[in-house]
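Input: a single structure, listed below in structure tokens.
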Amino acid sequence: MHRELPQIVLASLTCGCMAPHGMAPLPLAMGREAAFGELSGGYGVTSDRSAVRTDLGVGAHFADWGALELRGQYLHLEESNGVDETGASASRSLDAFQPYFRPAFFAGPVTFAVPLSGFAMGAGGGGVMAGLIGASAGFGGRDWNVFSGVQWQGSELVSSNSWSSSARELCFGARYALVGDVWRISLDPQIVLSSHRFESHSDGDAPGATPSSFVADRRFVMGVMQLSVAFGDLRPRRAAGPGPSRPESRRPPRRTPPPSACSELCDAQARMACGIAAGACRRACDARRTPRACATTSDALLRCEAAGLRCDGTLLVFPPCARERDALAACAAASPEEPASPQNCSSSGDCDGSPEPRPAPRRLDQPKTLEEAPE
């Protein structure tokens, strides 16, 4: 009994590391650095064979473009188209477990996944090896996808009770899900095209046992329907490319400075049929010699003039703005060390530096183009 114990342990660990009979649902686009757990259950049927499969997985998205899952599949298989040691038709019921890793990669709406599993060990005059590799690609969004994939599986146990399994599968599937921030329920139909050979042999070493064998070599098409439930952080992943996304700038928006008093006056008269070119007006306005202490009063006069301009035929008429003119005259008189200039020098273009403001309203002849403006 002690000599057979390592073989019993090996058989228990590896029994049914065999054809998966379908794929776990292909990952959907999810949240960055999301952790989740998923349980899938499904049933597949074809002529003379039925399979019940359960797939449990946990995983995390380590970046916007990639995730890693650790999964394990339990499979219960009923096969009624095999051959026993006498060559007669035979049936067999099998239970299997297959652990594997599955890294997945995302590029926009495209998902690519690679299931991987493999190990080998020996003890007590026996040994076991098993492996699984595959690849699947799909296209979809947060709550649906369509995909196809291939996978190869092989395993063998060598002892007094030996068995081997080898399979190739081509899968076509789809997925539709109801998704919340922390939960997801999906329906996952698949069509599986499989080539699978399984055989087992017993030497009958146990007391009262007789040698036996079972062989099933099948090529079949199987329909599989799965229901999956997942919990975790399932928020939509961001559209950013590889690497951490940059935080949004918190700088306040730049404020556009208000237009100057000269700009307001010159733009206002340039829009009028009797006005002169805005450029000539600004040059004349900027040439004013206003005392620094009177800058605010001067700007008030210019804005008052800009607000009340009008045309009388080809003549540009300025408004009186008596209060602003009186204020500018008083300010200029209180600053004798600095000369003051009239604020509506654009009305005649002379800008002669006279400290006295011009009386208003007046009818002034204005050139209508820059070429006609006086020097």
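Side-chain atoms are counted along with the backbone in the values below, which use heavy atoms only and exclude waters and symmetry mates. This structure is a prediction, so every number in the text was calculated from the model and none was measured.
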**Item:** Side-chain donor or acceptor of E169 paired with backbone N/O of G22 under 3.5 Å
**Value:** yes
**Request:** Give a yes or no on whether the backbone of N81 and the side-chain of E79 come within a donor-acceptor separation of less than 3.5 Å.
**Result:** yes
**Message:** Taking the side chain as everything from C-beta on, heavy atoms only, tell me whether C285 gets closer than 4.5 Å to R283.
**Reply:** no
**Prompt:** Are the side chains of V179 and R142 in touch, meaning some heavy atoms are under 4.5 Å apart?
**Reply:** yes
**Message:** Tell me if a side-chain donor or acceptor on T46 pairs with a main-chain N or O of V221 at a distance below 3.5 Å.
**Reply:** yes
**Prompt:** About how many Å separate CZ of R197 and OG of S164, when rounded to the nearest 0.5 Å?
**Reply:** 7.0 Å
**Asked** Does the side chain of L328 come within less than 4.5 Å of C294's, by heavy atoms?
**Response** yes
**Pair R92 + E78, salt bridge at N-O below 4.0 Å** = no
**Message:** What I'd like to find out is whether the side chain of D233 reaches to under 4.5 Å of the side chain of H61, using heavy atoms alone.
**Reply:** no
**Ring centre gap for F220 and H196 strictly below 6.0 Å** = no
**Message:** Can you tell me how far apart CG (L170) and OG (S136) are? Round to the nearest 0.5 Å.
**Reply:** 11.5 Å
**Request:** Ignoring hydrogens and angles, tell me if any N or O in the side chain of R71 forms a donor-acceptor pair with the backbone of F101 under 3.5 Å.
**Result:** no
**Item:** Side-chain (E305) to main-chain (L302) donor-acceptor, under 3.5 angstrom
**Value:** no
**Request:** Nearest 0.5 Å please: distance from the OG atom of S166 over to the CG atom of D217.
**Result:** 7.5 Å
**Asked** Got C281 and Q269 here, is their nearest side-chain heavy-atom distance under 4.5 Å?
**Response** yes
**Message:** I'd like to know if the side chain of Q190 reaches the main chain of Q226, judged simply by a donor and an acceptor atom lying under 3.5 Å from each other, with no hydrogens or angles considered.
**Reply:** no
